[in-house]
Amino acid sequence: MPDAGQPQAYDFAEAEARWQRVWDERGCFRVADLPGDGKPKYYVLEMFPYPSGKIHMGHVRNYTLGDVVARYKRARGFSVLHPMGWDAFGLPAENAARERGVHPAEWTYANIAAMRGELRRMGLSLDWEREFATCDPAYYGQQQLLFLALLSAGLAYRKESFVNWDPVDGTVLANEQVIDGRGWRSGAPVEKRRLAQWFLRITDFAPELLAALDSLDRWPERVRTMQAKWIGRSEGARLSFPLARPEGSIGAIEVYTTRPDTLFGMSFAALAPEHPLAAAVALRDPEAARFIAECRRLGTSEAAIETAEKRGYDTGLRVQHPFLGDEEPVWIANFVLMEYGTGAIFGCPAHDQRDLEFARKYGLPVPPVVLPPGERAETFTIGDAAWLGPGTMIHSDFLDGLEWEAAKRRVIEELEARGLGQGEVNWRLRDWGVSRQRYWGCPIPVIHCAGCGVVPVAETELPVRLPDDAEFDRPGNPLDRHPSWKHVRCPRCGGKAERETDTLDTFVDSAWYFSRFCSPAAVRPVDRAAADHWLPVDQYIGGIEHAILHLLYARFFTRAMQKTGFLSVKEPFAGLFTQGMVTHESYRAADGRWLYPEEVERQADGSVVERQGGMAVSVGRIEAMSKSRRNTVDPGAIIARYGADTARWFILSDNPPDRDMEWTEAGVAAAHRFLHRLQRLAGSVADRPVEARPPAEVPDLFSEPARTLRRRTHQTIVAVTTALEEFAFNSAVARLYELAGAIAEAERRESDAGVAAARSEAMETLLRLAAPVIPHLAEELYARLHPGTSALVALLPWPEPDPALIAAETVTIAVQVGGRLRGTIRLPPGAPEPEVLAAAAAEHNVARALAGRRIVRHILVPDRIVNFVVAG
RNA sequence: GCGAGAGUGACGGAACCGGUAGACGUACGCGACUCAAAAUCGCGCGGCCGCGAGGCCAUGGGGGUUCGAGUCCCCCCUCUCGCACCA
């Protein structure tokens, strides 16, 4: 144990619990819905956790980051809202019910109780009085009210779309439950099945969701880029290809393309397997039907469809080229998506990589029509790579000689003039399907009546509660087969009717919880005044994996709530920070078993063996902690062994928070050692009381070591403040290590009264700067420095730097000759140019490098660098 | 497959706006303390050459711009995240 030999080491378990109690009793972190304290507001929020039962290191990282921000902003004089709750609906609870016979509610609330305890032991400065879980009827009832508001605003509607269907279990599968095209439990090949489902009209907001990204200047650039690409505005053309012979009632294929300029390079047309024309062909062509059935087995995941081998089926149909009248074959292709554009494309293999691979596979022609700069039309051919860049049009009739961009405009004009098509803006974003055929989610509050159609449940009847007595003994939706729950009277005609048995996607739950936190007890979804006060969230923190879906849905839902009169803001998150994953080495025994880190031991020679039995263990790669690889470290065990402050310090100290971090035993031990060092330092400072505060206005009265320490103290305030503002927490930690080293060094050099005063100032400053990271130890040591005080570091203002103490007495200037470093000189800051040049040229190694050479010119960056450019 | 990022000593990383690459921490080595070990404290620590002064090489690889490139531009490699029903 690292704390062996530390007899009077403080008992962190006792002390951490004690300070947590003090903060709690004094209500340090509670705020009112409408504070009225005149302070500026600051809303810090970390993505709320799914209650799996135990916190993991990702949570520790996420909530430590948020807590540092919350404590720092409080010290800067803000009234800080920092709430916590539970994203409590979802699949795992239902799986637990099926596997272990525990009711999802019982399982979920037990998990919440366990995780709440773990989070409390982390010492987070949360307002726990705002806690709720999305599975509380009080929460999901309000969500049902929001759904009804969207419904009456025309933002919710029903349409048919595809789900993954397990034909053996008779159940709908999530994408993650489809493994290699088969159901995870039954092993049966999945099928796409068409189902009527609820959708939210996110596409109505596509233009503004895209445009407003520019205003989110405190979001990571890459998240904004990803969202912009996801929304995917494209300009192109919609055009119609007449069929040479109509197929039943279908006489033409509608196609959307972003490359109308390549129309003369067409060598085929391709349909999505779900396209109506494909279905029509399948009716008379068993081969086509078989091909379509095979495509259905790919499931609904776009990644699965796009990574699958590109395959097609030639329907034998022909379409006419709109300008040339040539006939081109119509294929059904597994990579054409029904959800994007019109579900049909024209293939131009020379200028689209996917089309090229398809054409090569099936021996279709590849005529180039865009000539890259520097190529000659007579010799240019396409090899393995399609040409996607700019160029001049060739082999393209009336487009010949035009640049590609001009050709796009020209061909659209021509299509419009001849009534064959038109220019069109298209969006990649699709409407948000929110229906889930599952029990553990928010019931959709509508009733289906044979006579009246879809009838909303009256607001006074909300919440529509989940029945407690559902059965989980077989697959499928327990709500749908519940004996009585869905059978109701139609609110409109009083006749027999059925409740909607689908529940809402859990992304809906997390699309507005941050608004609910402003007034968690309100009888409406939000109290308008409280929401107006606190929103938007000033700093939102969570994993990069949510960069697109959750964040985009929350942005949309906030706009939808604004439009339906619940909120004033349109953008929910003014600032966003995305953290990296927590990783660890993985260990595998000779027989292939994965081993937990606590099951292995590192030998003196660096090899790793199993604790039980001493068998050799192979050390695998460092990767994201996961249960299947068993490379997890339990935060609960770490906190019990080292304390919350150690865990918090280490998780911030090692690397920048937006990158992946590796959890190592050595790193935790080092963090723990440093906290012991702080105690020894504080003890030695406390043992030597200071008569008076150091008079800042007369720094000359201090000895040089005292002046140096004071300068470093005040430089540290500036550096740590800047680092915290920039989320460079690892750099803040490095500056605190340095200040601790400087305190120890000052005493070694000189122990006069000035140094004692400077040390006292430095130590207290260090504690207050470190307090957001290690709040318990900061309180403990602050109390030791100020015996009898009732002040809490948690409530103290942030230290103020004194600019007069910061200025350096000398600067080091690098001297280069011909761009290579040859020496350094030390001068007072702001020395005049001739003096700097003279000193630089006189430096012995510089003088040697200059000998026999002519100085052509020099470059001088004040107080930083001199570069003599030489000839010869 | 498509979209978005990342890559710096043995390891995690630092480096404001293009201006001394390697702060701080870990590991390692040496020393002090100790009967001894641990803990603690001090010193050293990118590679190669050199007795030394010092020199050369070096920020995933290759090219370029510049007085000067980890930082800017082009090409390539590897890893990570997302792909709409995991949360």
Side-chain angles (χ1 to χ4, degrees), chain A residues 2-6 47 49-50 52 87 89-92 163-164 172-178 220-223 225-227 229-230 232 300-310 335 339 353-354 357 428-438 505-507 510 543-550 552-553 578 580-581 583 621 623-624 653-656 658-662 664 666-667 669-671 673-674 676-677 680 722 728 730-731 733-738 741 744 748 812-816 818-821 823-824 844-845 848 856-859 861 864-870:
Chain A
D3 51 346
Q6 291 296 312
M47 291 180 184
Y50 180 79
S52 58
D87 188 13
F89 275 136
L91 277 179
V163 293
N164 297 307
V172 176
L173 298 176
N175 280 339
E176 74 155 6
Q177 297 174 320
V178 179
E221 190 61 46
R222 67 164 157 159
V223 174
T225 308
M226 280 192 266
Q227 289 215 351
K229 298 268 182 181
W230 184 263
T300 61
S301 154
E302 192 175 312
I305 292 166
E306 298 248 349
T307 46
E309 190 196 351
K310 284 165 198 31
F335 62 86
E339 289 85 4
Q353 192 61 32
R354 226 165 22 178
E357 283 164 33
R428 210 185 77 95
L429 184 67
R430 307 199 293 259
D431 272 340
W432 177 12
V434 293
S435 286
R436 297 292 181 272
Q437 295 71 38
R438 293 187 230 295
D505 179 7
T506 56
F507 273 126
S510 56
I544 185 67
E545 66 273 20
H546 295 291
I548 296 176
L549 291 181
H550 161 60
L552 193 59
Y553 290 148
T578 53
M581 294 179 303
T583 64
R621 34 183 265 152
E623 55 192 321
S653 66
D654 236 31
N655 69 354
D658 56 342
R659 281 206 221 163
D660 290 352
M661 83 160 291
E662 190 194 352
T664 61
R673 273 204 303 275
F674 178 68
H676 280 297
R677 185 174 187 212
R680 287 192 302 275
T722 309
N730 55 323
S731 294
V733 163
R735 301 289 85 79
L736 294 172
Y737 271 115
E738 282 172 347
R748 277 202 308 280
T812 305
I813 297 171
V815 185
Q816 297 181 337
R820 308 192 70 110
L821 181 73
T824 59
H844 71 282
N845 202 44
R848 197 164 62 172
V856 179
R857 64 178 171 126
H858 65 264
I859 282 128
V861 181
R864 301 207 70 137
I865 199 165
V866 176
N867 185 12
F868 294 110
V869 183
V870 292

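Remember, predicted model here, so these are calculated numbers, not experimental data.
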| All side-chain hydrogen bond (donor to acceptor under 3.5 Å, both in side chains) counterparts of A/Asn655, not counting sequence neighbours |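 A/Asn655: side-chain hydrogen bond (donor to acceptor under 3.5 Å, both in side chains) contacts with A/Arg61.
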
| said: Could you work out, with side-chain hydrogen bond (donor to acceptor under 3.5 Å, both in side chains) as the rule, every residue matching A/Thr812, not counting sequence neighbours? | reply: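 A/Thr812: side-chain hydrogen bond (donor to acceptor under 3.5 Å, both in side chains) contacts with A/Arg826.
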
| Length of the line joining A/Leu91:CG and B/C85:P, which is rounded to integer Å |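 Taking CG of A/Leu91 and P of B/C85, I get 12 Å after rounding.
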
| request: For A/Arg864, enumerate each residue passing the side chain to side chain contact (heavy atoms under 4.5 Å, CB included) test, keeping only those at least two apart in sequence or located in another chain. | output: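 For A/Arg864, the residues satisfying side chain to side chain contact (heavy atoms under 4.5 Å, CB included) (neighbours in sequence not counted) are A/Val861.
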
Write down the protein N/O and nucleotide N/O pairs, taken from nucleotides 82-84 of chain B, whose separation is under 3.5 Å; answer none if there are no such pairs.
| residue | atom | partner | partner atom | Å |
| --- | --- | --- | --- | --- |
| B/A84 | OP2 | A/Glu302 | N | 2.9 |
| B/A84 | O5' | A/Asn175 | ND2 | 3.4 |
| B/A84 | N6 | A/Arg428 | O | 3.0 |
| B/A84 | N1 | A/Arg430 | N | 3.0 |

| request: Specify the separation, in whole Å, of atom CE of A/Met581 and atom P of B/A6. | output: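 Rounded to whole Å, this separation is 15 Å.
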
| query | What is the glycosidic conformation of B/G50: syn, defined as within 90° of 0, or anti? | reply |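 In terms of base orientation relative to the sugar, B/G50 is anti.
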
| said: Nearest heavy atom decides the nucleotide; on that basis, is A/Gln437 or A/Arg659 closer to the 5' end of RNA chain B? | reply: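 Final value for this comparison: A/Arg659.
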
| request: Would you classify B/C17 as syn or anti? Syn applies when the glycosidic angle is within 90° of 0. | output: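 Here the answer is syn: the torsion falls within 90° of 0.
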
| said: Counting only side-chain nitrogens and oxygens, does A/Thr225 get under 4.0 Å of the OP1 or OP2 atom of B/A4? | reply: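 Negative; the distance criterion is not met.
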
Interface polar pairs with nucleotides 44-54 of chain B, N/O, under 3.5 angstrom:
| residue | atom | partner | partner atom | Å |
| --- | --- | --- | --- | --- |
| B/G54 | OP1 | A/His844 | NE2 | 3.3 |

| query | Quick one: side chain to side chain contact (heavy atoms under 4.5 Å, CB included) partners of A/Pro92, sequence neighbours excluded? | reply |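 For A/Pro92, the residues satisfying side chain to side chain contact (heavy atoms under 4.5 Å, CB included) (neighbours in sequence not counted) are A/Tyr50, A/Trp107.
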
| said: Going by side-chain hydrogen bond (donor to acceptor under 3.5 Å, both in side chains), name the residues that satisfy it together with A/Arg735, two or more places apart in sequence or in a different chain. | reply: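 Checked A/Arg735 against side-chain hydrogen bond (donor to acceptor under 3.5 Å, both in side chains); matches are A/Glu738.
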
| task | Determine which bases of RNA chain B form Watson-Crick or G-U wobble pairs with both distances under 3.5 Å, and write the result as a 5' to 3' dot-bracket string with | for other-strand partners. | result | (((((((..(((......[....))).(((((.......))))).((((....))))..(((((..]....))))))))))))....

| message | According to side chain to side chain contact (heavy atoms under 4.5 Å, CB included), who are the partners of A/Arg848, at least two apart in sequence or on a separate chain? | response |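 Per chain and number, A/Arg848 pairs via side chain to side chain contact (heavy atoms under 4.5 Å, CB included) with A/Asn845.
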
All N/O contacts under 3.5 Å from nucleotides 18-25 of chain B to the protein, with atom names and distances to one decimal?
| residue | atom | partner | partner atom | Å |
| --- | --- | --- | --- | --- |
| B/G19 | N2 | A/Gln816 | OE1 | 3.4 |
| B/A23 | O2' | A/Glu738 | OE2 | 2.8 |
| B/A23 | N3 | A/Arg735 | NH2 | 3.1 |

| Set of residues satisfying side-chain hydrogen bond (donor to acceptor under 3.5 Å, both in side chains) with respect to A/Ser301, sequence neighbours excluded |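 So A/Ser301 forms no side-chain hydrogen bond (donor to acceptor under 3.5 Å, both in side chains) with any residue.
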
| Within the structure shown, what part of the strands sits under 4.0 Å from A/Thr307 by heavy-atom distance: base, sugar-phosphate, or nothing? |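 Here A/Thr307 touches the bases of the nucleic acid.
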
Write down the protein N/O and nucleotide N/O pairs, taken from nucleotides 72-76 of chain B, whose separation is under 3.5 Å; answer none if there are no such pairs.
none

| So what does A/Val223 hit on the nucleic acid, given a heavy-atom distance under 4.0 Å: a base, only sugar-phosphate, or nothing? |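 Here A/Val223 touches no strand at all.
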
